[in-house]
Amino acid sequence: MNEILFSNQVIIYLLSESLLFVLLFIAFVVSIKIVIKWDFDSFSQKQFRLEKEAYLVSTITIFLFIIKFILLIYFVFTIDSLSILIAGAMCGAGVVTANEYGTYLLLFKLIIIATLILWFYLNSYDTHTKNYLHMKKKSLLFIAIFISIIFELFLDFQYFTNIDTHQPVSCCSTLFGQLEGANPLPFGLTIPLLLTLFYLLYFLTILTLKTNYRVLYIVSNLLFLYLAYYAVVYFFGTYIYQLPTHKCPFCMLQSDYFYIGYIIWGSLFLGTFIGISDALSSIWTTRKYIKNSRLVISMLTLFVVLSSIYVIIYYFRNGVWL
Amino acid sequence: MIRVENLSKSFYHQQDESKILIDINLHIKRGECIILKGISGSGKTTLLSIIAGLDRPSKGKVLIDDEPISKLPDIFASKIRAKKIGMIFQHFNLFENLSVYENVTVPLIPSGLPLDDIYRAVDKSLKVANIYHKRSLVASRLSGGEKQRCAIARALVADPDIIVCDEPTANLDSQNSILFIETIKELHLMGKTIVIATHDPLFENLNFKSRIVPMFDGKIDE
């Protein structure tokens with residue numbers, strides 16, 4: 001057993017995830033019953049009991065979302081704090097890549113949060129129909145979430161049990177630096193082109209949201225999320241760190257940078273996840289409009305303004321660009 | 001108006017099932033006054049709660065104007081309750097630290113009506129319940145009969161079609177009970193559908209048209 005597994009943060013994290021899983025299993029069993037036996041037109045005892053149990057699933061899922069959201073932040077905080085135990089790691093970047101499971105685990109956690117937000121929208125539409133029109137869809141989605149969480153739990157244990165603290169790892173500059181002049185940006189983009197696309201996609205997202213072109217809205221949201229990640233790591237981040245060679249998505253989560261990374265990444269992920277879930281669920285439930293446009297606009301605008309403001313402040317203070 | 005079909009309600013304690021209501025069938029016409037009569041534990045209050053959408057059955061259905069209130073999601077059941085049903089409870093359930101006027105205003109707060117309309121409705125129901133003269137008094141300073149009249153005003157303020165009363169005279173003396181029955185008579189004449197759960201013998205010989213539905217051991221005993 002390694003010292004990582006017995007660090008306080010990891011014990012708390014894994015214990016919370018495991019306890020949550022027990023609760024989820026109850027909801028999973030009920031969801032299967034709903035998929036098989038749900039018949040709203042029936043006034044039988046079984047159906048009434050199923051309706052009561054459906055409330056239980058909703059309550060558990062709402063609880064799950066809150067805890068998962070907190071645990072995601074805690075996970076990021078944990079891996080960041082573990083960097084002192086691993087040779088060569090200076091921040092979460094080094095810890096995440098300490099073995100082959102870390103990156104997938106982090107991605108999986110983000111996908112689960114996104115799926116839970118989608119479930120929320122579906123649930124909201126469902127409870128606004130007189131006959132729980134989307135109950136089976138909602139339960140199927142919950143089953144998919146449950147299966148994802150089993151996989152996530154497996155990755156959790158695999159990840160934390162397979163970190164070798166004596167094996168030096170690569171960290172920010174190696175992982176995200178431009179090695180031998182290679183371009184790390186996608187589609188062969190240059191920084192000016194990346195920034196142009198970043199701002200264009202932001203406006204396109206807002207525009208499609210306002211005009212209610214839902215498929216275009218989903219696509220522009222996804223593209224914005226993808227390019228925004230690169231824009232933050234390879235451009236905006238350098239202004240946060242005030243160092244042109246420092247390219248890292250994790251260091252900005254540290255106290256040295258006033259934990260600004262939590263707000264930057266939080267607003268990006270929540271803004272795009274809420275936007276995509278909102279649009280997807282409105283297509284799935286054949287509703288004609290997107291629900292929470294103000295929330296999405298606020299989140300994405302916060303993200304864009306916060307990222308950009310570091311560049312502007314740097315320029316006004318120093319009179320040069322990095 | 002109200003149709004109860006094959007309604008059953010059970011409570012479970014560990015593995016033991018307690019049957020509170022067994023296969024109840026009841027049809028209440030618009031404007032009818034129904035007295036659910038029975039001893040304590042006969043299931044009157046449970047039936048009333050299910051009719052009012054406060055509780056859900058274990059089996060069967062309750063339709064109010066063809067809407068299955070016993071099956072609807074909370075958001076819809078609440079709307080029906082707020083619009084169509086006024087409730088009067090044995091213990092009045094007033095906000096003791098609010099005035100009579102404020103107590104009666106409370107049900108209309110979520111309605112989104114303009115304030116003038118709310119005040120007009122509150123004044124009207126206070127007058128119908130004959131408690132207008134005590135409107136600025138705090139509820140805790142009212143007598144039992146006055147509290148009951150305040151509860152009636154509150155039940156009437158949204159102008160519901162159905163008035164549901166659970167043991168309304170259990171905490172009243174005989175004089176106030178008779179006054180309550182007089183108010184019920186007025187509501188009946190106004191065309192309201194009234195459902196009263198009681199074991200008070202005063203309701204046995206009412207001087208207006210009513211139907212007594214006897215209940216015993218969770219069943220309608222006819």
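Chain naming here is simple, since letters A, B, ... match the order of the sequence lines and numbering starts at 1 in each. Please read these numbers as outputs of a predicted model, since none were measured by experiment.
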Heavy-atom proximity to chain B below 4.5 Å, by part of A/E51: side chain
What is the distance from atom CD1 of B/I22 to atom OG of B/S58, rounded to the nearest 0.5 Å? 11.0 Å
Test item: A/W265 and A/V76 side chains (from C-beta on) under 4.5 Å apart, heavy atoms: no
One option among A/N131, A/T127, A/T129 has the most heavy-atom pairs under 4.5 Å with chain B, and it is A/T129
Can we say B/R120 and B/D117 salt-bridge, meaning some charged N sits less than 4.0 Å from an Asp/Glu carboxylate O? yes
Do A/F224 and A/V304 come close enough that some side-chain heavy atom pair is under 4.5 Å? yes
When the side chains of residues 145-155 of chain A are checked against the rest of the protein, which donor-acceptor pairs come out under 3.5 Å, sequence neighbours left out?
from	atom 1	to	atom 2	distance (Å)
A/S148	OG	A/A144	O	2.8
A/E152	OE1	A/K68	NZ	2.6
A/E152	OE2	A/K68	NZ	3.2
A/E152	OE2	A/K109	NZ	2.6

Residue-level contacts of residues 32-47 of chain B with chain A, using a heavy-atom cutoff under 4.5 Å: none
A/Y55 portion near chain B, given a 4.5 angstrom heavy-atom threshold: side chain
For chain A, the option from B/S8, B/S10, B/P57 that forms the most heavy-atom pairs under 4.5 Å: B/P57
Say whether, by atom type as modelled, one donor and one acceptor occur between the side chain of A/S282 and the main chain of A/A279 under 3.5 angstrom. yes
Criterion side-chain hydrogen bond (donor to acceptor under 3.5 Å, both in side chains) on A/Y202 and A/T301, from CA distance to verdict: CA-CA 8 Å; A/Y202 164 69; A/T301 306; 2.6 Å; yes
Is the cationic atom of B/K61 (NZ for Lys, CZ for Arg) positioned less than 6.0 Å from the six-membered ring centroid of A/F43 and within 45 degrees of its normal? yes
Residues in residues 64-91 of chain B near chain A [non-hydrogen atoms, under 4.5 Å]: B/E67, B/P68, B/S70, B/K71, B/L72, B/P73, B/D74, B/I75, B/F76
Does a sphere of radius 6.0 Å around NZ in B/K19 hold more than 12 heavy atoms from other residues, nucleotides or ligands, not counting ones at 6.0 Å or beyond? no
So that I can tick it off, tell me whether B/K147 and B/E96 are bridged by a salt bridge, with the cut-off set at under 4.0 angstrom between side-chain N and carboxylate O. yes
Please list all pairs meeting side-chain hydrogen bond (donor to acceptor under 3.5 Å, both in side chains) that have one or both residues in residues 153-164 of chain B, counting only residues at least two apart or in different chains. B/D159-B/K192
